[in-house]
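All heavy atoms count here, side chains included; hydrogens, waters and symmetry mates do not.
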Amino acid sequence: MKDPNNTRNTAPRRGSPLWTYFLVVILLGVAAGATAFFGLGRADLDALVSTPVFWILGGFIIFGELRPIITPGSTENNGATTSTTFSFAALLYAGLPVAAALQAIAVITCGILRGRAPHRIAFNAAQYTLSLAAAQLVLALFGDLATPSDRWVPDGSDLPAIALAGAVYFACNDTLVGAAVALHSRVPLLKALRWDLAYQVLVHLALLGLAPLMVVAMDRSALFVPLIVLPFIAVYMNASVSVRREHQALHDGLTGLPNRKLLIVRTEEALAEARGAEKRGADRRRPRAAGLASRRRRTAEPPSHRAGLFLLDLDRFKEVNDTLGHPTGDRLLQLVAHRLTHSVRPGDLVARLGGDEFAVLLPTVRDEAAAREVAARLRAALSEPVRLDGMSFDLEGSVGIALFPDHAPDFELLLQRADVAMYNAKEARSGVEIYSPTKDRNSPARLSMLGDLRRAIDRSELELFYQPKVALRDGHLVGMEALLRWRHPDKGVLEPEAFLSIAEQTYLMRSITHYVVEAALTQTAAWWREDLAVQVAVNASGRDLLDTGLTETIEEGLLARGLPAAALQLEITERILMNEPAYASDTVGALADLGIPLSLDDFGTGYSSLVRLKRLPVEEIKIDASFVQRLGDSPDDAVIVRSIVDLVRTLGLRSVAEGVEDPATADALREMGCDAAQGWHFGRPMDADTATKWLRRQARRAPEPAA
């Protein structure tokens, strides 16, 4: 069984602890083997060549190495091998040189046939040589040393020496392998040794216990050796069937990756380890003196031991299946599985949950930033072009991240919240999102906020504030932008970022939009009656453009108050128009036909093309504040802003800079030729009464304000 989740063939980085460990073990193994062979005489070499039993042993050791007894729950052929019996029997019967040589030949043969990396082959050969050498030292202490020309057949009184030699062989072999696994997977050595210790002890007890019987049989006749192999074949066949069934129950049939069942097991183990580590850390951090603890300010410390669960979904994978068929889609999934498993750290787990959905478990992760780095590496691996059936594919994936214990205390909730974050990444087209309760429509906090918002609409707790837009050339008023605020009875005045993301995914958005339009038109009409003919801009969300009744609501509101269409401006974000042109075009076109001026908000943060921008029925482009506020510090942002201003002027539109907070920025924008600006430098958002007084003062200074 080939495991796509296996990364042990990847050579360790030069100078790393694993590389150093491999080098030391290999050198010690070479030294031990060379020392043993230097002790061979001419008679020993002649005996090796002329004795058939050694050739038979060599064949069975190779066969046993090729057919290991796989450890339950493992997909790698690295469990105890039946060659252990034959190599240990060779050690007892003819000494270390014969046993080490036959075992090394078997390891090299097996490694080449299985396509293992040279560093693994060398390490495995050295590991067995050192383990056999350790057992040989024990036998030497009892005076039981054999050579090819002076073979040793034990009797009943020699069983204690053999038992101790076998125990030392197992301890040395298991420790050498466990240390390599621990360094590769970045886990403590004791944890790596405990993973399957009981099973390995049981299997090696049986395998090593058969070695003395093999020696007795070999001494009688080489023909008895094949008879002993028959029980091995029966045991191996039964074990293989059992392991195959267990593998099928815990792994995905297409990719070979762990499935949901194994992911649950591994996640629970990781969470238990993180809880234990956090508890041990908390005990160490606990103040030793009660007096010291009483003087310290009690603050909630962030958890120092985290585990992370990622949910990754391929974007537009259904198009591949529908266009090229499921066989091509299956091959693509297998390629994705391979890329993912070779993009995570050793010790992390990649699982397939079904379809094009994968999960990645990070048993340990430092913080959100480290989790994002892993997610970025996964997406980068996927983004490499793929060629299948003569066609090139560009893959992308959306990743949702949930951390323990920050976001959830158990597997089910961790998976659910990673799922929420993944769909947020899809909706925002950001690629990677970490779970946030404010974006979880199912979280208790979100549901509570939704209930409060519903009551806020009924209790008229929503309110519009107004911020002026001012011409940079002469300082006259261009218009006022209506900004929604919520006077929460407990939390004070909340800005839209705190609650609109919740409302946009529910039916409440329609009610909020209706309120904003009505309130803005009512206030505009009041100003116009005072001869304060100012244009008021209202923001429209993506959900608003889904509402076919938006145009009708605005038209009726204008007629009821006797206002011209130019009195109201609608601000639509660039991202909405560029990402969803299909459903946005009808509403935008209807509003333009009504004569409502349109403004493209947050320009520079989307992906608009010049051709599409030219076709949009807008009169104004608003440059996003993220560029404007860095004008003085970032030459790149200054170039971007200047380019946008020149582009907007070329298209015959008005440019408005957002987020202007100081005179220097205003002067720089004026020098660039930007038409207008808004920000704290010109006026902060004001409630209706304050805005009215501000407009009256402006009217006295400039008798003819622009409408």
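- Shortest non-hydrogen contact noted between Leu414 and Phe404 is CD1-N, 3.9 Å.
- Rounding to the nearest 0.5 angstrom, the gap separating the OH atom in Tyr515 from the CG atom in Leu464 is 5.0 Å.
- Summarising the geometry of Cys674 relative to Val645, their closest heavy-atom pair is N-CG1, 3.8 Å, with the distance given to 0.1 Å.
- Side-chain contact check for Glu357 versus Arg352: every heavy-atom pair is 4.5 Å or farther apart.
- Under the 3.5 Å distance criterion, the side-chain polar atoms of Asp419 are left unmatched by any main-chain donor or acceptor of Leu415.
- Proximity of a side-chain donor or acceptor of His514 to a complementary backbone N or O of Arg510 within less than 3.5 Å is not detected.
- Under the side-chain contact (heavy atoms from CB on, under 4.5 Å) criterion, Arg642 pairs with Asp646, Glu671, Met672, not counting sequence neighbours.
- Without hydrogens or angle criteria, Arg487 side chain to Gly492 main chain gives no donor-acceptor distance under 3.5 Å.
- Closest heavy-atom contact between Ala381 and Arg339: O-NH1, 3.1 Å.
- Side-chain contact between Thr524 and Val534 is absent, with no heavy atoms from C-beta onward closer than 4.5 Å.
- Of the N and O atoms on the side chains of Asp687 and Thr690, at least one donor lies less than 3.5 Å from an acceptor on the other residue.
- Here side-chain hydrogen bond (donor to acceptor under 3.5 Å, both in side chains) pairs that include residues 464-473, with residues two or more places apart or in two chains, are Gln467-Gln678, Lys469-Gln569, Lys469-Glu620.
- Using a 3.5 Å distance cut-off with no hydrogens or angles, the side chains of Trp680 and Glu661 do not pair a donor with an acceptor.
- In this structure, Ser655 contributes its side chain and Asp675 its backbone to a donor-acceptor pair below 3.5 Å.
- Between Leu669 and Ala657 the shortest heavy-atom distance is CD1-CB, 3.5 Å.
- Arg670 CZ to Leu472 CG: the interatomic distance, rounded to the nearest 0.5 Å, is 5.5 Å.
- The only member of Asp624, Asp637, Asp636 that meets salt bridge (Lys or Arg N to Asp or Glu O under 4.0 Å) when paired with Arg630 is Asp637.
- The shortest non-hydrogen separation linking Met480 to Ala691 is CE-CB, 4.0 Å.
- Within the model, atoms CG of Leu378 and OG of Ser343 stand 6.0 Å from one another, a figure rounded to the nearest 0.5 Å.
- Two residues are said to be in side-chain contact when any heavy atoms from C-beta on lie closer than 4.5 Å; Leu311 and Val399 fail this criterion.
- Between Trp527 and Leu695 the shortest side-chain heavy-atom distance falls below 4.5 Å.
- Residues Thr522 and Arg561 have side chains that bring a donor and an acceptor to within less than 3.5 angstrom of each other.
- Counting only heavy atoms from C-beta outward, the side chains of Leu361 and Asp348 never approach each other to under 4.5 Å.
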(request) Determine, step by step, whether Arg696 and Glu530 satisfy the salt bridge (charged side-chain N to carboxylate O under 4.0 Å, His left out) criterion, reporting the C-alpha distance in whole Å, the side-chain angles of both residues, the deciding distance to 0.1 Å, and the verdict. (result) CA-CA 9 Å; Arg696 288 169 182 164; Glu530 290 190 39; 3.0 Å; yes
(request) Please assess Arg654 against Glu619 for the test salt bridge (charged side-chain N to carboxylate O under 4.0 Å, His left out), listing each intermediate value before the final yes or no. (result) CA-CA 6 Å; Arg654 181 172 63 205; Glu619 68 166 21; 3.6 Å; yes
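- When atom types are taken as modelled, the side chain of Thr341 and the backbone of His338 share a donor-acceptor pair closer than 3.5 angstrom.
- Inter-residue side-chain proximity for Thr364 and Arg345 is flagged as met; some heavy-atom pair is nearer than 4.5 Å.
- Rounding to the nearest 0.5 angstrom, the gap separating the CG atom in Leu591 from the CG atom in Leu568 is 9.0 Å.
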(request) Start with the C-alpha gap between Leu477 and Phe682, add the side-chain angles, then the distance that decides, and say whether side-chain contact (heavy atoms from CB on, under 4.5 Å) holds. (result) CA-CA 10 Å; Leu477 184 66; Phe682 301 103; over 6 Å; no
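- Of the inter-residue distances, the one linking Leu312 atom CG with Leu340 atom CG reads 6.0 Å to the nearest 0.5 angstrom.
- When all heavy atoms of Glu461 and Pro489 are compared, the closest pair comes out as OE1-CD, 3.6 Å.
- In His488, the NE2 atom is crowded: over 12 heavy atoms of neighbouring residues, nucleotides or ligands sit closer than 6.0 Å.
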(request) Assess whether side-chain contact (heavy atoms from CB on, under 4.5 Å) is satisfied between Asp601 and Glu658, documenting all intermediate values. (result) CA-CA 9 Å; Asp601 199 8; Glu658 297 181 289; 3.0 Å; yes
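- The CH2 atom of Trp528 sits 14.0 Å away from the CD atom of Gln523 when rounded to the nearest 0.5 Å.
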(request) Mind running salt bridge (charged side-chain N to carboxylate O under 4.0 Å, His left out) on Asp458 and Arg455 for me, showing each step along the way? (result) CA-CA 5 Å; Asp458 298 335; Arg455 288 185 289 273; over 6 Å; no
(request) Any chance you could lay out the side-chain contact (heavy atoms from CB on, under 4.5 Å) test for Val656 and Ile621, step after step, and finish with the verdict? (result) CA-CA 6 Å; Val656 179; Ile621 301 293; over 6 Å; no
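- Between Arg306 and Leu362 there is no side-chain heavy-atom pair separated by less than 4.5 Å.
- With contacts defined as side-chain heavy-atom distances shorter than 4.5 Å, the pair Glu481/Pro468 does not qualify.
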(request) Report the C-alpha separation of Val344 and Val360 in whole Å, then their side-chain angles, then the decisive distance to 0.1 Å, and conclude whether the side-chain contact (heavy atoms from CB on, under 4.5 Å) test is met. (result) CA-CA 8 Å; Val344 297; Val360 179; 3.9 Å; yes
(message) Run Asp313 and Lys426 through salt bridge (charged side-chain N to carboxylate O under 4.0 Å, His left out) and show every step you take.
(response) CA-CA 9 Å; Asp313 187 82; Lys426 278 187 174 293; 3.0 Å; yes
